[in-house]
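Since the structure comes first, as structure tokens, the remarks are kept for the end.
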Number of protein chains: 2
Amino acid sequence: MSRSAVSRTFTEGASVSPEVRRKVLKAAQELGYRVNRLAQGLNNASSNLVGVVGANLSLPFIAKQLDMLSLGLLRRGQQCLLLNAADARSDIAPLIELIFEFRARAIVVLSGEPPASIVDECLANGVKLIVINRLLERSDTDVILSDDILGATLAARRLTDARCRKVAVVTSGSGTPTQIRRAEAFGRIMKDDGIDVVGWHDGPTTYETGLKAARELLADPAIDGAFCVTDLMALGFLDAARHEMGRSVPDDLSVIGFDDIPQASWKSYELTTIAQSFEVLTEAVLAALDHADGQSVIQNVPVTLVERQTVRR
Amino acid sequence: MSRSAVSRTFTEGASVSPEVRRKVLKAAQELGYRVNRLAQGLNNASSNLVGVVGANLSLPFIAKQLDMLSLGLLRRGQQCLLLNAADARSDIAPLIELIFEFRARAIVVLSGEPPASIVDECLANGVKLIVINRLLERSDTDVILSDDILGATLAARRLTDARCRKVAVVTSGSGTPTQIRRAEAFGRIMKDDGIDVVGWHDGPTTYETGLKAARELLADPAIDGAFCVTDLMALGFLDAARHEMGRSVPDDLSVIGFDDIPQASWKSYELTTIAQSFEVLTEAVLAALDHADGQSVIQNVPVTLVERQTVRR
DNA sequence: TGCAATATTGCACACGTGTTCATTGCGGAC
DNA sequence: GTCCGCAATGAACACGTGTGCAATATTGCA
């Protein structure tokens with residue numbers, strides 16, 4: 001009969017007699033009553049929303065992350081408040097402010113770089129901040145990183161095994177930390193091996209950028225290998241190499257990518273690439289949500305070489 | 001000084017003296033104060049959240065829709081509560097219940113079919129329900145549909161122009177209304193023209209299903225045309241046709257898809273397809289959000305034939 | 001039956017808004 | 001000097017929870 005009875009009926013483990021419980025449920029059914037999550041959040045000073053910030057949600061790599069993350073959150077009983085940052089370079093601070101206003105438990109950043117002031121605010125308000133594949137030089141944030149150094153090493157070793165003489169490294173012009181780490185590590189190793197490396201970077205992280213890279217780089221007939229730090233660019237690179245620049249892959253050109261997006265295994269490409277496990281990555285994010293407030297971790301997601309058909313044996 | 005002053009400071013068009021306003025803003029800055037959207041929503045009996053239900057968010061077609069929709073919502077000052085339905089066949093009713101609990105203004109359904117009881121509840125609570133590319137036989141819901149009949153007609157006409165004699169229609173086994181409408185309309189037209197049509201359906205709406213379709217259908221050497229009701233399946237179909245079944249496209253096999261996903265224009269495919277404008281589709285959804293409560297509309301999103309390289313001239 | 005222990009229940013409060021209402025202060029017009 | 005209009009401001013309320021506290025009903029035990 002009292003409002004407390006209602007609350008207790010819908011609260012796990014509260015003390016209600018079976019009879020009252022039954023009456024409440026029946027009344028709720030008739031009146032179309034539903035718990036109000038806004039009021040719950042107001043009362044607890046925290047909703048169980050998790051803010052997710054991302055840009056270019058239709059790119060395969062991001063879309064896959066978002067798919068698995070939103071599913072994982074839902075399974076854990078948390079809801080996903082999705083904010084689209086529109087552009088990889090756009091300022092995500094206002095979006096994070098918005099998430100604060102919803103009293104979210106945690107914030108996951110897939111794109112863009114949260115400014116230091118925001119990081120401080122998260123810390124002050126007890127909001128978990130988790131960034132994926134972007135390097136924050138702070139020890140008070142959870143950072144999930146693909147093992148870029150290992151990945152670059154695997155790629156480099158594979159291209160030297162294929163006896164490449166002059167290789168290109170293709171990055172986008174966006175200059176995300178992950179891409180730079182991959183490219184730099186790769187360049188260092190190759191130079192140590194005494195192999196010519198030519199860097200290239202321009203444009204957004206898209207298929208079209210890969211096309212452009214191949215058109216410009218393959219004007220040099222000496223180039224016989226390429227490491228594209230993103231599968232999407234690798235696929236564009238492959239297409240331009242084969243259909244416009246007349247190269248035969250893998251016979252006179254070896255190409256290797258990074259991420260292992262679904263399209264990489266399509267029959268027209270069979271791209272050899274460095275795979276990050278989306279499962280492990282998602283698990284790492286979900287695990288980070290459970291960390292205590294002070295505890296923050298930099299976690300490396302393991303990578304493996306997936307051997308397909310674009311590198312000479 | 002009073003709490004009212006704070007509220008007025010952050011409310012557009014409220015009556016506050018510049019001095020008080022300045023003081024409040026300064027204090028807010030120092031204390032890290034932020035408006036609490038949960039309390040706002042509680043007070044208004046409605047948050048400005050929009051619930052979005054979708055499955056398989058990493059499929060290009062869905063991902064693109066979600067990308068544009070979330071961006072459009074954000075630009076309109078509404079937030080996107082994303083619920084991942086995991087599977088195209090899974091029951092979305094509990095997810096919609098969850099959205100109700102957040103007192104969302106509107107619900108957008110990208111996957112699955114909301115049961116009638118849910119539709120009634122939306123109507124009763126004044127929650128706008130918008131379904132995309134699934135046919136609800138009710139006049140009280142906003143339905144955004146691609147013009148499947150026109151699309152099927154364009155595809156049929158193009159394949160007859162290419163002088164195909166025996167054509168296949170490929171659908172997934174999920175049996176979504178849109179796919180069925182496309183396939184049925186296409187089949188009807190072809191039969192009217194006296195052309196042999198063989199239907200095929202199986203599996204989920206994926207690239208792999210397209211592969212399987214080609215492997216099974218192209219065992220029949222007479223088949224010289226195919227309409228895949230989804231680009232993703234069309235790309236799989238193309239790959240198996242070319243690389244496994246030894247067909248030359250478009251010389252002895254013409255293939256046409258539907259949706260115009262980004263990958264359709266990649267150099268390895270150059271898929272001729274029926275394009276739905278993602279811009280128009282998104283605009284239609286956003287416009288539907290503004291409809292008055294009673295007013296609901298079935299809107300057809302126009303389609304066009306995009307001529308590329310997979311149908312014989 | 002009597003008493004203690006336990007389960008159930010109602011009341012009151014706090015959470016942070018936006019808004020209505022009444023009050024106050026002020027400037028200008030007569 | 002008085003009165004009117006207007007802007008500014010504070011007090012109070014309602015929104016729907018979950019919970020601490022006190023009161024009451026029920027059970028177990030001697």
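Order of the sequence lines sets the chain letters (A, B, ...), proteins ahead of strands, with each chain counted from 1.
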Distance-minimising heavy-atom pair for B:Ser146 and B:Asn300: O-OD1, 3.8 Å
Nucleotide nearest A:Ser4 when distance is taken to its side chain, options C:dC11, C:dG18, C:dG16: C:dC11
B:Arg89, CZ: over 12 other non-hydrogen atoms inside 6.0 angstrom: no
Nucleotide nearest A:Asn43 when distance is taken to its side chain, options D:dG18, D:dA8, C:dT9: D:dG18
Rounded distance in Å - CG (B:Asn44) to P (C:dT17): 12 Å
Contact under 4.0 Å: A:Gln40 side-chain N or O vs D:dG16 OP1/OP2: no
Separation of atom CZ in B:Arg8 from atom P in C:dG16, rounded to whole Å: 19 Å
Sugar-phosphate, base or nothing in reach of B:Arg103, heavy atoms under 4.0 Å: nothing
Donor/acceptor link under 3.5 angstrom from B:Arg37 side chain onto base of C:dG16: no
Between D:dC15 (P) and B:Asn36 (CG): distance, integer Å: 18 Å
Nearest to side-chain heavy atoms of B:Ser15, which nucleotide of C:dT17, D:dA7, C:dG16: D:dA7
Nucleotide nearest A:Thr11 (side chain, heavy atoms from C-beta), chosen from D:dT17, C:dA7, D:dT19: D:dT19
Between B:Thr282 and B:Gln65: side-chain donor-acceptor atoms closer than 3.5 Å: no
Pair B:Tyr33 and B:Phe10, ring centroids less than 6.0 Å apart: yes
Pairwise 5' ranking along DNA chain D for B:Glu19 and A:Leu42, keeping only the more 5' one: B:Glu19
Spacing of A:Leu31 atom CG relative to D:dG16 atom P, expressed in whole Å: 12 Å
Minimum-distance nucleotide (side-chain atoms of A:Ser7 versus C:dT9, D:dT17, C:dT17): D:dT17
Closest-nucleotide 5' rank along DNA chain D - winner of B:Ala5 and B:Ala45: B:Ala5
Least distance between heavy atoms, B:Ala93 atom then B:Ile118 atom: O-CD1, 4.0 Å
